[in-house]
Amino acid sequence: MNKRYWAIALMAMTAMGIVAQKPMNAPSGGKQISDELIGIFFEDISSSADGGLNADLVQNGSFEYSPSDKDGWGAGTCWKTVRPGHALGNLEVKQQNPIHPNNPNYMHLMIERTRQFYDYKGWVGYGLQNDGWDGMAVKAGAKYDFSVFARNVKGDAKDVRVVLVQQQGWGKDPKLLAEQTIKVDGSVWSKYNCTLEVTEDCSNAVLQMLVLTVGEMDVDMVSLLPQDTYKGHGIRKDLAETLEALNPKFMRFPGGCVVHGGGDGFWNTYRWKETVGPKETRKQQKNTWGYHQSMTIGYHEYFQFCEDLGMQPVPILPCGVNCQGSNGGWGLFPTQAQDVVAMSDMDEWVQDALDLIEWANGDVTTKWGKVRADAGHPAPFNLKYLGIGNEEKISPEFIERFKYMYERITKLHPEIVIVGTDGPGSHPGNPDYENGWKLAEELGMPILDEHYYEPRDYFMKSRQYDSYPRDRKTKVYLGEYASKDKKLIDALAEALYLIHVERNGDVVSMTSYAPLFARKNATNWNPDLIYYDNEKVFPTCSYYVQQMFGQSSGNYFYGDCVKIENQDKSEGDGMLQEQSVVLNTKTRQLFVKICNATANEKTAKLDLSRFKIKGEAVKTVLKGQPNDENNFDVQPIAPSTEKVKAVKKTDIKVEPYSFIMLTYQL
């Protein structure tokens with residue numbers, strides 16, 4: 001074949017994305033910035049894991065809920081007895097010879113009679129019902145994998161009818177949506193499975209297990225998982241796809257206050273080793289936000305999710321210092337020191353970090369690499385970042401323990417980028433901020449994690465990073481931030497601030513809005529980026545701002561290509577209009593972003609003469625009234641897109657309360 005044929009074929013394959021284009025050189029006048037500016041921060045708050053990202057429809061499937069989780073809770077929470085046909089029996093929570101010591105509770109069923117005088121239209125048996133989280137939303141034609149650990153204790157092998165039903169009210173037969181029968185015939189713990197195929201849509205289905213044979217049996221680890229999960233890894237698909245649309249470069253997890261036990265103390269510190277391996281062996285515990293963590297989503301699932309979305313994992317480990325909120329630290333005595341681990345015990349916490357690196361990156365022949373491989377992932381996860389601590393008070397006790405961990409980890413693993421912490425309220429002048437930066441500079445720390453939640457005026461008027469020294473070795477990770485409301489004007493305030501962050505992308509290397517998720521009717525914190533119920537996802541205005549920035553990441557910033565005219569200094573001292581031009585030399589895309597958070601139309605004069613733009617551009621616009629907000633009932637705010645002619649010089653009308661992004665292919 002001749003050279004011309006191959007040239008044409010190469011052009012076609014490049015256009016289809018089969019062959020990547022060669023990265024381009026950046027035109028003069030720009031400065032190099034981080035191409036990992038937009039990521040996500042996942043913490044199990046507001047039922048974000050169980051009842052959220054965890055696709056399992058069964059709540060308290062292992063009978064481990066406890067009064068220590070929440071007043072009034074117990075092993076039977078979310079369960080009820082069912083006995084159609086007037087079957088007789090009894091239930092008892094037991095702990096003798098459990099599946100695993102980390103999962104001590106199970107339910108013992110004693111079935112005395114499976115029917116009385118009639119079959120109740122075939123609906124007989126004695127057993128359990130689980131309502132999930134406000135019911136279970138199931139779809140017609142969809143398949144759901146049921147599983148349970150069970151053992152036959154007394155009598156013949158047990159026939160167990162597994163059904164999904166919709167309750168029809170008092171005196172009415174439930175509507176059958178799906179059914180299967182399993183036979184529990186072993187006297188030792190074994191896992192039993194079946195698949196339920198649903199006949200019609202239902203938003204409030206319930207799961208029932210009806211034992212049809214007299215005798216005694218034990219059950220534990222009940223699960224009902226849709227077969228259609230995100231890339232088959234047990235993650236709720238619509239929530240995952242909502243995150244995928246953000247194009248995040250990394251995910252920080254598992255917290256947040258969850259990491260260091262919140263206000264509960266060291267007994268409730270998140271220990272990663274207890275969240276890997278078979279799910280029936282994982283150690284469940286109270287969530288610091290006042291409910292239960294099943295650890296169905298543990299470190300393996302977090303890392304797998306990062307891999308599935310193409311994100312860098314950023315796990316955060318505790319460093320022997322408990323949250324300053326413990327023992328009333330947030331109350332009348334906010335200067336109270338944290339609880340701390342004795343220095344003689346700190347080697348355990350260091351070893352946890354070293355073992356995590358081995359688990360994530362080690363060969364299958366290593367102890368912890370084998371644990372990863374046995375869970376189905378023989379290839380390493382290629383961990384790059386590791387956070388130590390979460391917004392602790394930068395006290396002398398914290399500094400001593402952090403340095404102890406930092407020095408030992410970096411000595412053995414200089415390839416790992418350690419992310420430090422700068423306490424809550426990371427603004428210049430705050431003692432924790434000043435002490436955190438002093439420690440970072442002393443250690444030559446690569447990245448320091450700053451956190452702050454502020455009213456919208458802060459994000460509209462502050463430009464914190466303009467004054468940061470350019471000769472610092474330590475970069476900034478803005479790990480938690482948000483305007484304290486969820487109206488459009490708040491999202492625009494965040495857009496203004498993120499343009500400021502892009503301009504300072506040589507100093508700030510990463511950002512992540514927080515919190516990420518909140519379940520309807522189970523919200524611990526407001527605002528959040530994404531709300532949801534069993535059936536739908538409700539993105540906020542801020543979500544769309546994050547999406548626009550995530551989809552326009554690049555590695556060069558140009559500040560002189562756009563000039564916003566008719567700026568009124570009375571409008572926030574001219575700080576309510578911002579612009580940026582970002583080039584991605586890998587994808588050969590150019591992004592222009594202009595934000596106008598004023599009540600007046602602006603004119604932006606655009607000059608892209610230095611770039612070889614061609615064809616059409618895509619124009620994305622987010623706009624509305626300042627007090628507009630998306631909620632569960634109304635979603636008035638979403639970006640609109642259109643194709644426009646790509647020209648190098650033009651005037652752009654920027655409507656009041658709007659955010660514009662133009663995408664060019666070079």
Side-chain angles (χ1 to χ4, degrees), residues 38-43 45-48 52 242-243 246 256-257 289 330 391 424-427 430 450-464 478-501 511-533 536-550 571-573 575-578 593 595-600 621-639 655-660:
I38 303 298
I40 57 177
F41 162 47
F42 181 86
E43 178 172 15
I45 182 174
S46 303
S47 297
S48 294
T242 304
L243 296 183
L246 291 172
C257 293
W289 297 104
W330 296 114
E391 68 172 39
S426 304
H427 299 306
N430 182 299
E450 297 187 344
H451 294 179
Y452 41 88
Y453 299 91
E454 299 291 346
R456 70 177 73 102
D457 282 353
Y458 172 81
F459 296 101
M460 287 179 162
K461 298 179 180 179
S462 170
R463 298 294 182 262
Q464 179 162 327
L478 179 51
E480 295 185 33
Y481 75 97
S483 178
K484 290 185 175 180
D485 207 339
K486 53 191 177 78
K487 303 182 188 304
L488 175 63
I489 190 64
D490 295 275
L492 295 177
E494 291 157 359
L496 292 168
Y497 200 71
L498 282 174
I499 290 175
H500 156 69
V501 167
T511 70
S512 51
Y513 182 104
L516 183 63
F517 281 130
R519 181 179 174 82
K520 184 179 181 180
N521 301 327
T523 301
N524 297 107
W525 184 287
N526 276 301
D528 304 278
L529 196 65
I530 302 162
Y531 295 81
Y532 60 91
D533 60 19
K536 296 181 181 179
V537 181
F538 306 96
T540 61
C541 303
S542 293
Y543 169 84
Y544 292 116
V545 166
Q546 292 289 319
Q547 184 184 65
M548 291 168 72
F549 276 91
E571 298 170 327
D573 296 325
M575 300 179 76
L576 301 187
Q577 312 100 36
E578 287 277 14
K593 292 188 282 288
C595 184
N596 177 17
T598 76
N600 301 308
V621 181
L622 185 72
K623 65 179 181 179
Q625 295 303 308
N627 289 324
D628 286 346
E629 72 177 86
N630 292 343
N631 54 47
F632 295 107
D633 300 314
V634 181
Q635 293 269 302
I637 301 298
E655 295 181 63
Y657 305 113
S658 69
F659 179 37
I660 294 175

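Numbers for residues simply follow the sequence, beginning at 1.
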Hits for side chain to side chain contact (heavy atoms under 4.5 Å, CB included) against N524, two or more places apart or cross-chain, chain-then-number order -> I45, S46, W289, Y291

Sequence neighbours excluded, the answer for side-chain hydrogen bond (donor to acceptor under 3.5 Å, both in side chains) partners of T523 is none

Sorted by chain and residue number, the side-chain hydrogen bond (donor to acceptor under 3.5 Å, both in side chains) partners of S542 (sequence neighbours excluded) come out as E494

With sequence neighbours left out, the residues meeting ring pair (Phe, Tyr, Trp, His ring centres under 6.0 Å) with F549 are F659

Sorted by chain and number, sequence neighbours left out, salt bridge (charged side-chain N to carboxylate O under 4.0 Å, His left out) with D528 holds for none

Task: Exercise: do H500 and E578 side chains pair donor with acceptor under 3.5 Å - done: no

Those residues at least two apart in sequence (or on a different chain) that pass salt bridge (charged side-chain N to carboxylate O under 4.0 Å, His left out) with E454 are none

Taken in chain and number order and not counting sequence neighbours, the residues that satisfy side-chain hydrogen bond (donor to acceptor under 3.5 Å, both in side chains) with Q546 are Y481

Across all chains, not counting sequence neighbours, the side chain to side chain contact (heavy atoms under 4.5 Å, CB included) partners of P636 are N630, V634

Does one side chain, of E480 or Y453, offer a donor that lies under 3.5 Å from an acceptor on the other? yes

- request: Measure up the Y497 and Y452 rings against each other and bin them: parallel (under 30°), tilted (30 to 60°), perpendicular (over 60°).
  value: perpendicular

The salt bridge (charged side-chain N to carboxylate O under 4.0 Å, His left out) partners of E43 (sequence neighbours excluded) come to none

Residues passing the side chain to side chain contact (heavy atoms under 4.5 Å, CB included) test with N521, sequence neighbours excluded, are none

For N526, the side-chain hydrogen bond (donor to acceptor under 3.5 Å, both in side chains) test, sequence neighbours excluded, returns Y531

Sequence neighbours excluded, the answer for salt bridge (charged side-chain N to carboxylate O under 4.0 Å, His left out) partners of K520 is none

